[in-house]
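Shown next, in structure tokens, is the structure this report addresses.
In what follows, chains carry the letters A, B, and so on, assigned in the order in which the sequence lines appear, proteins first and then strands, with residues in each chain numbered from 1. Bear in mind that the values here come from a model prediction, so they are computed numbers and not experimental data.
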2 protein chains.
Amino acid sequence: MSAIADVARLAGVSKSTASRALSGNGYVSGATRSRVQSAAADIGYIPSSIASSLATGLTRNVGVVIPFVNRWFFAEVLEGIESALISAGYDLTLYRLHDDTARRQHIFDYLLRRKRVDAVVVVGISLNPLEVGSLTALGKPIVGIGGEIPAISTVSIDDASASRFLTDHLVSLGHTRIMHLGGDQHEQMDFAVHTQRLAGFRQALATAGLSHPGDFRAVAYSIPGGYAGALAVLSDPSSRPTAIVAGCDEIAIGVILAARQLGIAVPAQLSVVGIDGHALAEMFGLTTLEQHPTEQGQRAVQLILDRLGPHTGAVPNERITMPVDFVVRRSSTAPPRAE
Amino acid sequence: MSAIADVARLAGVSKSTASRALSGNGYVSGATRSRVQSAAADIGYIPSSIASSLATGLTRNVGVVIPFVNRWFFAEVLEGIESALISAGYDLTLYRLHDDTARRQHIFDYLLRRKRVDAVVVVGISLNPLEVGSLTALGKPIVGIGGEIPAISTVSIDDASASRFLTDHLVSLGHTRIMHLGGDQHEQMDFAVHTQRLAGFRQALATAGLSHPGDFRAVAYSIPGGYAGALAVLSDPSSRPTAIVAGCDEIAIGVILAARQLGIAVPAQLSVVGIDGHALAEMFGLTTLEQHPTEQGQRAVQLILDRLGPHTGAVPNERITMPVDFVVRRSSTAPPRAE
DNA sequence: TCGCAATGAGGAACCGGTTCCACTGCATCA
DNA sequence: TGATGCAGTGGAACCGGTTCCTCATTGCGA
């Protein structure tokens with residue numbers, strides 16, 4: 001006996017009227033509505049969202065595909081997505097993308113296509129045309145965060161200009177030997193963040209006429225990664241850079257720790273800048289370009305909701321570039337020491 | 001026209017036979033089965049999990065209620081839960097618990113009771129009897145991680161003996177002025193982790209006859225929290241402790257950074273121990289008691305699956321205490337300097 | 001040779017909602 | 001005053017699977 005039928009019988013109305021009274025769709029008199037509502041309250045009726053989904057074809061659930069949850073950027077994005085979805089009355093189903101190809105395919109070919117989700121947000125990964133097509137063919141909106149993906153809407157910062165801007169900043173302070181410690185191009189989940197940041201860095205160097213071999217070193221995208229990379233790069237005083245553009249704040253913090261370890265004064269002997277706005281940046285006095293991942297997540301959800309809303313025609317894809325904030329903290333950037 | 005009906009028509013069988021052939025339940029001849037399977041493959045049939053859930057009453061989805069995803073412990077636990085669920089063919093729906101009471105109630109009274117989840121894992125929060133009752137009344141298994149909750153199964157480490165053990169270790173090295181920098185009792189989501197760790201610490205002090213006022217300082221559960229707390233505690237050389245038991249590795253790392261800042265040698269002048277096994281512990285040479293949150297998450301899922309499996313009678317509740325590993329890293333613990 | 005069990009398959013009910021359609025009053029308008 | 005229309009309601013179909021029940025074969029043991 002379906003639960004709503006119980007409510008209906010208790011209120012002395014038909015199932016259809018009970019449904020209308022509770023959902024607010026269609027004509028129901030005020031008296032009937034309140035009778036149904038109090039009947040529902042009496043027996044503690046909670047509608048089955050499964051049954052409702054089957055009938056309407058809407059799950060009010062959004063799938064989130066994300067490679068990590070234990071990294072700063074991803075965790076922040078996820079929180080933004082979650083809060084925006086919950087506020088809109090949507091659930092969030094989490095699919096963590098492993099580097100395992102078979103699992104990835106399983107997510108896109110099967111898990112996301114079972115009518116469990118109304119839309120998909122992918123974070124920090126690029127999608128190939130097959131993956132995009134497989135979802136758009138089902139009419140499911142997709143939004144990407146963290147980079148540009150052809151044929152779908154994306155939310156991201158401009159990675160190339162971010163690193164270009166930071167490099168320009170160091171150049172303007174008078175630095176001439178500037179290095180980039182960034183993510184490993186191969187480690188990136190076939191996404192272009194690391195490549196973009198490196199490209200922006202090199203553009204800035206080239207413009208300033210400061211290009212040099214050995215301008216880049218790939219490191220793990222973490223504090224220990226930056227630490228290890230910096231130990232290697234800074235240990236030889238003759239070739240040591242006077243400034244480092246880190247691929248992210250965690251790398252930058254690793255660099256600062258390594259410099260302290262080696263007795264290199266920051267910023268007197270070494271300037272360091274990061275990208276992110278990590279919670280630890282302030283404590284380390286790190287000059288950084290803050291991106292706001294939580295807001296990126298929220299913005300992505302907004303795009304999703306626009307596309308799930310009452311269909312006022314197809315909503316065109318958007319490529320949204322989120323603003324960043326340059327936060328100068330004097331303890332990590334300074335002009336190079338005169339030699 | 002339901003999709004499985006299409007498959008059935010294409011294969012020249014009835015809907016029921018098609019369902020049996022694809023799901024493997026009931027008698028179907030080998031010839032019929034392969035005819036149905038190839039028909040399904042031909043039209044790219046993917047069953048609607050919504051419809052299946054409605055028919056069977058099983059969603060193959062587990063709700064996870066968690067207060068943070070951007071903190072080490074919680075992120076690690078979540079990864080463990082996710083991987084275990086996916087391996088078992090379950091989905092994960094994420095509900096982040098805000099400190100907002102109304103939202104919390106909404107999750108337990110409504111979101112988790114709509115037949116969307118088969119079971120619930122709660123991480124790092126205590127449940128009151130109403131919340132437990134509201135879910136168990138629906139026959140939904142619940143498992144808690146991170147502390148003990150009456151009437152349900154839980155997975156956690158023994159927090160009191162963890163801090164007692166670490167304190168004993170410092171005592172055995174000869175320290176007599178030992179402090180605990182731990183989480184704020186009020187900040188904890190009405191869970192007892194902080195209280196337990198403080199209690200274990202004080203038991204050990206008492207046993208060693210080293211109890212003293214001002215043995216504890218509440219700090220934020222983070223690196224900046226430990227840093228700020230340690231700056232305050234260590235700045236007065238006359239009252240300075242020779243050893244600190246941190247409530248977690250992040251606090252411990254903050255302490256180490258503060259000590260460096262103040263020119264206090266670690267471990268020569270100050271020993272520091274943490275609890276967690278954080279990714280940064282090794283880099284900072286931190287002696288710690290490693291817990292393995294990922295495994296805790298996996299273990300919790302295992303308990304859930306035991307309770308969702310073929311009902312071989314009710315499975316009794318279990319209170320599982322997970323093992324911890326003591327990792328001594330010489331750079332953060334040493335005997336106190338003779339004075 | 002008969003009877004019963006196991007196998008194989010179809011029809012229909014069912015899961016619990018939503019919504020289309022038909023019908024009844026009653027007010028409105030020409 | 002009769003046509004029109006809308007508020008209000010119930011019945012039934014429907015969403016897309018699963019499963020119970022029925023029935024027809026076939027095989028096997030007694």
Are the side chains of [X] and [Y] in touch, meaning some heavy atoms are under 4.5 Å apart?
X	Y	value
A:Glu131	A:Ser126	no
B:Leu97	B:Phe68	no
B:Leu78	B:Leu92	yes
B:Val64	B:Val122	no

Quick one: closest heavy-atom pair of [X] and [Y], and the distance?
X	Y	result
B:Gly89	B:Arg60	O-CB, 4.1 Å
A:Ile157	A:Thr321	C-CG2, 4.2 Å
B:Arg299	B:Ile320	NH2-CD1, 3.1 Å
A:Tyr221	A:Arg71	CB-NH1, 3.8 Å

Can you name the salt bridge (charged side-chain N to carboxylate O under 4.0 Å, His left out) partners of A:Glu295, sequence neighbours left out?
none

Test of understanding: with salt bridge (charged side-chain N to carboxylate O under 4.0 Å, His left out), list the residues that count as partners of A:Glu76, not counting sequence neighbours.
none

Atom [atom1] of [X] and atom [atom2] of [N]: how far apart are they, to the nearest Å?
X	N	atom1	atom2	value
B:Asn25	C:dA9	CG	P	15 Å
A:Arg9	C:dG17	CZ	P	13 Å
A:Ile4	C:dG17	CD1	C1'	6 Å
B:Leu22	D:dT19	CG	P	13 Å
B:Leu58	D:dG16	CG	P	20 Å

Output one letter per nucleotide in nucleotides 22-27 of chain C: B when a protein non-hydrogen atom lies under 4.0 Å from the base, S when only the sugar-phosphate is that close, - when neither is.
------

Should A:Arg104 and A:Asp109 count as an ion pair when the cut-off is N to O under 4.0 Å?
no

Sorted by chain and residue number, the side chain to side chain donor-acceptor pair (under 3.5 Å) partners of A:Asp306 (sequence neighbours excluded) come out as none

Contact list for residues 108-155 of chain A, test ring-ring contact (aromatic ring centres under 6.0 Å, His included), sequence neighbours left out:
A:His106-A:Tyr110

Give every pair of a protein N or O atom and an N or O atom of nucleotides 5-8 of chain C that lie under 3.5 Å apart, one pair per line with the distance.
residue	atom	partner	partner atom	Å
C:dT7	OP2	B:Tyr27	OH	2.8

Under 3.5 Å, is there a donor-acceptor pair between the [X] and [Y] side chains?
X	Y	result
B:Arg103	A:Ser83	no
A:Asp91	B:Thr93	no
B:Ser16	B:Ser14	yes

Per the under-4.0 Å heavy-atom filter, residues of residues 106-114 of chain B near DNA chain D come out as none

Which residues within residues 13-21 of chain A lie with some heavy atom under 4.0 Å of an atom in DNA chain D?
A:Val13, A:Ser14, A:Ser16, A:Thr17, A:Arg20

For DNA chain C, determine which residues of residues 33-56 of chain B have any heavy atom closer than 4.0 angstrom to one of its atoms, and list them numerically.
B:Leu54, B:Ala55

Under 3.5 Å donor-acceptor pairs involving side-chain atoms of residues 140-149 of chain A, not counting sequence neighbours:
residue	atom	partner	partner atom	Å
A:Lys140	NZ	A:Val117	O	2.9
A:Glu148	OE1	A:Arg319	NH1	3.3

Would you mind reading off the bend of the helix from C:dT1-D:dA30 to C:dA30-D:dT1 from its two end axes, five pairs each, to 10 degrees?
40°

Kindly state each residue pair satisfying side-chain hydrogen bond (donor to acceptor under 3.5 Å, both in side chains) with at least one member in residues 37-56 of chain B, sequence neighbours excluded.
A:Arg116-B:Ser49

